[in-house]
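Inspection log for the structure reproduced underneath, given as structure tokens.
Chain identifiers are assigned alphabetically (A, B, ...) following the order of the sequence lines, protein sequences preceding nucleic acid strands; residue numbering begins at 1 within each chain.
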Protein chains: 2
Amino acid sequence: MPGFQKSDTLEILLYAAEELFAKQGFDGTTLRDITGLAGVNLAAAHYHLGNKEALYIKVFTRRLQPINESRLARLARAEQEANISLVGMEQLIEIMARPLFELAADTQHGGQYFARILGRCLVEPLPFMEAIITAELQPVMARFGQALRRHSPQLAPEEYLWRFSFVIGAMHHSLATLHGMKVRTHGICRDHDAAAALQRFIPFAVATFTAPVKPEPVNNR
Amino acid sequence: MPGFQKSDTLEILLYAAEELFAKQGFDGTTLRDITGLAGVNLAAAHYHLGNKEALYIKVFTRRLQPINESRLARLARAEQEANISLVGMEQLIEIMARPLFELAADTQHGGQYFARILGRCLVEPLPFMEAIITAELQPVMARFGQALRRHSPQLAPEEYLWRFSFVIGAMHHSLATLHGMKVRTHGICRDHDAAAALQRFIPFAVATFTAPVKPEPVNNR
DNA sequence: GTCTATAGACGGATAGAC
DNA sequence: GTCTATCCGTCTATAGAC
């Protein structure tokens, strides 16, 4: 966490909450855990945030909104520069994924914890987060989904959506587990290595969308 | 849930726990939720299972162990039949993935709920589950990882591990979200459609491992 | 804005009758 | 094996002094 000066109670709370929510989940984290780590009084947390759900939402949107704005801005700029031709697939995927992987690599300012929260959010459905995800996350994903779609007109809609789902799944899984890569790979991959992850993720995603169609259904067994 | 006859209290409890743990997570589910859904007395649950963590572990291993045994048996048989040549990539991935996707499609006997639990387990780390995952899940994953590795000797170890991680991530994400595909795709894909998922997942995984290596690091922006 | 103190509900777990 | 009743700790949230 960066250095705080005056009365940044709210900021300190958000950083502590981010870390614990990422590690333990929403239901596994108590306000006492958070205020304890933050060194803030329990009642003060309620004063600043109202309740636990509002705290979680604040942790979520505080990071996601600026990232989404910058991603959409970069996308719009790239499309403008490409004029009537298409923005390259590599570039589309890079614009979509880089800010997230870089966040996952940020071990100094808590970005890594937000990346883990984001990686979890599609898989552990918190009822009160449904509206937030629909409003903040889905439109941006859909925007990139549409842009990538133009590169894969040969794919049937269902085929394309499955592949897009695999790519998004791989990305969220990576965001949630970029810490811990070292242990899982017995030291071969490093933890929080955004550059390595991105360098592999971009061609991986391109290969997913450009792979030929398997016409006949699976016939094994 | 299937029809129970005599005093299948334990079984009823496991089905109810499976459903609620999948939907709400471990910390988000109370024993009272579970016994309420199961129609079983709270004290009876403790009598049969000891405590909440033991219940979760039981829910987890009860499904996973037989699946892993059958997957390893099929793999061993396929390797024997292939003699000194390699088992095909398609077949390897099919052996690894099919039982899980079929479970995710089982809306009659609760298999779908276990698939969601499995899909969550890599991304939401429960401290008491670490040992179980290391003992029950990792060895099987490693076994398939090794078998697939022989098809990709051209990939550097790090490169291979990243791709394997993407494939596993896509699979777990799919398992956790195979319900809800219809809403997310605006009706184009169906829910719990194991056949469709598998038909796309297998070539997707093959394409991931056979994609050419991008030599130079990403240079965009 | 920050604190102490506490309300009020709910959590997992158990004792002991049947 | 199953039940009622209950213990006891912890939770979120708030009231009210400073």
Side-chain angles (χ1 to χ4, degrees), chain A residues 1 3-60 62 117 124-132, chain B residues 1 3-60 62 117 124-132:
Chain A
M1 308 184 194
F4 299 104
Q5 43 269 42
K6 359 179 181 176
S7 172
D8 299 297
T9 305
L10 181 63
E11 284 291 293
I12 298 174
L13 275 171
L14 290 174
Y15 278 101
E18 186 169 57
E19 176 173 346
L20 293 175
F21 283 144
K23 289 179 177 170
Q24 309 173 349
F26 178 76
D27 291 308
T29 303
T30 70
L31 287 177
R32 282 174 168 80
D33 289 341
I34 295 168
T35 54
L37 176 63
V40 166
N41 186 276
L42 176 63
H46 276 99
Y47 170 81
H48 283 284
L49 286 149
N51 62 37
K52 191 182 170 185
E53 293 188 357
L55 171 55
Y56 192 90
I57 292 172
K58 191 83 182 173
V59 164
F60 193 81
R62 157 182 91 128
I117 291 176
E124 53 179 20
L126 296 168
F128 69 90
M129 283 295 290
E130 228 175 276
I132 309 289
Chain B
M1 308 183 193
F4 299 104
Q5 44 269 44
K6 356 177 183 176
S7 172
D8 300 297
T9 305
L10 182 63
E11 284 291 295
I12 299 174
L13 274 170
L14 290 174
Y15 279 100
E18 186 169 58
E19 176 174 346
L20 292 175
F21 283 145
K23 289 179 175 170
Q24 306 172 352
F26 178 76
D27 292 307
T29 304
T30 71
L31 287 177
R32 284 174 169 84
D33 288 341
I34 295 168
T35 55
L37 176 62
V40 166
N41 186 275
L42 175 63
H46 277 100
Y47 170 82
H48 283 284
L49 286 150
N51 61 38
K52 190 181 169 185
E53 293 187 358
L55 171 56
Y56 192 88
I57 292 172
K58 191 86 181 168
V59 164
F60 193 80
R62 154 181 94 127
I117 291 175
E124 53 180 20
L126 296 168
F128 69 91
M129 283 296 289
E130 229 175 278
I132 310 288

Phosphate OP1/OP2 of C/dG1: any A/T9 side-chain N/O under 4.0 Å: no
Any A/N41 side-chain N or O less than 4.0 Å from OP1/OP2 of C/dT4: yes
For the student: nearest non-hydrogen atoms of A/K52 and A/F21, plus distance: CE-CE2, 4.3 Å
Nearest heavy-atom neighbours spanning B/L37 and B/E19: CD2-OE1, 4.0 Å
Interatomic distance where CZ belongs to B/F26 and C1' belongs to C/dG11 [whole Å]: 12 Å
Dot-bracket notation for DNA chain C, counting Watson-Crick and G-U pairs under 3.5 Å, with | for partners on another strand: ||||||||||||||||||
Nearest-Å distance for atom pair CG/C1', residues A/L55 and D/dC11: 15 Å
Side chain to side chain, B/N41 and B/T35, heavy atoms closer than 4.5 Å: no
Protein-nucleotides 13-15 of chain C N/O pairs closer than 3.5 Å?
unit_1 : atom_1 : unit_2 : atom_2 : d
C/dA13 : OP2    : B/H46  : NE2    : 3.3
C/dA13 : OP2    : B/K52  : N      : 3.1

Atom of A/D33, atom of A/T29 and distance for their closest heavy-atom approach: OD2-CA, 3.8 Å
Shortest non-hydrogen contact from A/H46 toward A/N51: CD2-CA, 4.4 Å
Considering all heavy atoms, the nearest A/A16-A/I34 contact: CB-O, 3.8 Å
Minimum-distance pair of heavy atoms, taken over all atoms of B/G28 and A/D27: CA-OD2, 3.4 Å
A/L13 CG - C/dG1 P separation (whole Å): 13 Å
Gap between atoms OH and P, on B/Y56 and C/dG12 respectively (whole Å): 15 Å
Sugar-phosphate, base or nothing in reach of B/T29, heavy atoms under 4.0 Å: sugar-phosphate
Straight-line distance of A/F128 CZ to A/F26 CZ, nearest 0.5 Å: 4.0 Å
